[in-house]
Novice: 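One structure follows; several queries about it will come next.
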Amino acid sequence: MEKNKIYESLIYLDKEYISAKYEEISGIDPITSITKTEGLNAGLKIPLLSAGASSIESKTYTISTNSMLANIIDELNLIGKFDLQKHAIGQKSKIAWVEGTLSVAKVTSSKTKKTETIIGKPKESDGITTEKLAEERFFKIGGEDNLELALITSPDYFSSGIDSFQSLLGTVVHQVNIPVKALVRVFSSKSAFDEWIACPLVIIEKS
């Protein structure tokens, strides 16, 4: 993919990862400032009660994260593909490329209750009822060789509008099926449906 065409195909970009990787690869240090913030108890000036103090590091770069990605995409492409057969529970997480289809899944948690009249005439309310307890939507990537990744995503990292696919599924949006190439961090954890849990770092739409 041409560097100047990346932005047009970009679906998801983890800005913290890309900026850190850009700093590592380019050797260019950003302007950094560290600000100390104090909690409510800090005003008491009692050491044991001022544990709420913390430091925030801010970095300023002269280029955008999209430009960073374009500058380091060749180096990122050197990262290998995810080997499903070599990944197992208990192993260290892996950063690798995957190819497949980006979609939205919905999981509903419910319980079944049976009501039956023991004494007297049966009531109209007798029978089996199902109560929905919770519902969750999430993005996932499915690929060849039974690759199934459940993605933990941040709304701020999606290109404009794409994160809305989750909330619109089942109403405005009927189906999400986007061919993608993605750099992901796959953890040694699985969902209840046997999908590997992963955090996407870069997701690019494939033509």
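Predicted model only: the values in this text are computed from it and were never measured.
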Novice: Is it the case that over 12 heavy atoms from other parts of the model lie below 6.0 angstrom from the CG atom of N146?
Specialist: no
Novice: Heavy-atom distance under 4.5 Å between the side chains of M68 and I63, does that happen here?
Specialist: yes
Novice: When you measure from the side chain of S159 to the backbone N and O of L10, does any donor-acceptor pair fall under 3.5 Å?
Specialist: yes
Novice: Apply the test side chain to side chain contact (heavy atoms under 4.5 Å, CB included) to residues I72 and K21: give CA-CA distance (whole Å), side-chain angles for both, the deciding distance (0.1 Å), then the verdict.
Specialist: CA-CA 8 Å; I72 65 173; K21 204 67 179 174; 4.0 Å; yes
Novice: Using the side chain to side chain contact (heavy atoms under 4.5 Å, CB included) rule, take V98 and L149 through it: C-alpha gap first, then chi angles, then the decisive distance, then the call.
Specialist: CA-CA 10 Å; V98 297; L149 300 178; 4.1 Å; yes
Novice: For residues 89-97, dump all side-chain donor-acceptor pairs below 3.5 Å to protein atoms at least two apart in sequence or in another chain.
Specialist:
{"residue": "Q91", "atom": "OE1", "partner": "A88", "partner atom": "N", "Å": "3.3"}
{"residue": "Q91", "atom": "OE1", "partner": "K94", "partner atom": "NZ", "Å": "2.7"}
{"residue": "Q91", "atom": "NE2", "partner": "K86", "partner atom": "O", "Å": "3.3"}
{"residue": "S93", "atom": "OG", "partner": "R185", "partner atom": "NE", "Å": "3.0"}
{"residue": "S93", "atom": "OG", "partner": "R185", "partner atom": "NH2", "Å": "3.3"}
{"residue": "K94", "atom": "NZ", "partner": "H87", "partner atom": "ND1", "Å": "3.1"}
{"residue": "W97", "atom": "NE1", "partner": "L76", "partner atom": "O", "Å": "2.7"}

Novice: To the nearest 0.5 Å, what is the distance between CG (D156) and CG (D14)?
Specialist: 11.0 Å
Novice: Provide the closest heavy-atom pair for L13 versus I18 in the form atom of the first, atom of the second, distance.
Specialist: CD1-CG1, 3.2 Å
Novice: Using atom types as modelled and distance alone, determine if a side-chain donor or acceptor of S64 lies under 3.5 Å from a backbone N or O of S67.
Specialist: yes
Novice: Please report, to 0.1 Å, the donor-acceptor pairs under 3.5 Å made by any side chain of residues 190-203, with sequence neighbours excluded.
Specialist:
{"residue": "K190", "atom": "NZ", "partner": "D194", "partner atom": "OD1", "Å": "3.0"}
{"residue": "S191", "atom": "OG", "partner": "F193", "partner atom": "N", "Å": "3.2"}
{"residue": "S191", "atom": "OG", "partner": "E195", "partner atom": "N", "Å": "3.1"}
{"residue": "S191", "atom": "OG", "partner": "E195", "partner atom": "OE1", "Å": "2.7"}
{"residue": "E195", "atom": "OE2", "partner": "K140", "partner atom": "NZ", "Å": "2.8"}

Novice: Looking only at heavy atoms, which two atoms of L147 and E99 are closest? And how far apart?
Specialist: CD2-O, 4.4 Å
Novice: Could you see if Y22 belongs to whatever hydrophobic cluster contains I25? Use Ile, Leu, Val, Met, Phe, Trp, Tyr and a side-chain cutoff under 4.5 Å.
Specialist: yes
Novice: So how far is it from T101 OG1 to E144 CD, rounded to the nearest 0.5 Å?
Specialist: 9.5 Å
Novice: Verify side chain to side chain contact (heavy atoms under 4.5 Å, CB included) between E23 and I28, making sure each step is shown before the conclusion.
Specialist: CA-CA 5 Å; E23 185 178 341; I28 299 176; over 6 Å; no
Novice: Quick check: does any side chain N or O of S19 sit under 3.5 Å from a backbone N or O of E16, one acting as donor and the other as acceptor?
Specialist: yes
Novice: Quick one, V180 and I204 - any side-chain contact, counting heavy atoms below 4.5 Å?
Specialist: no
Novice: Which pairs count as ring-ring contact (aromatic ring centres under 6.0 Å, His included) when at least one residue sits in residues 136-161, sequence neighbours excluded?
Specialist: Y12-Y157, Y12-F158, F139-F158
Novice: Is there a path from I6 to L183 through hydrophobic residues (I, L, V, M, F, W, Y) whose side chains come within less than 4.5 Å of each other?
Specialist: yes
Novice: So, taking the atom named NZ in K15 and the one named CG in L69, what distance separates them when rounded to the nearest 0.5 Å?
Specialist: 11.0 Å
Novice: May I ask you to test the L102-L151 pair for a side-chain heavy-atom distance under 4.5 Å?
Specialist: yes
Novice: Working to the nearest 0.5 angstrom, can you tell me the gap between E75 CD and S26 OG?
Specialist: 9.5 Å
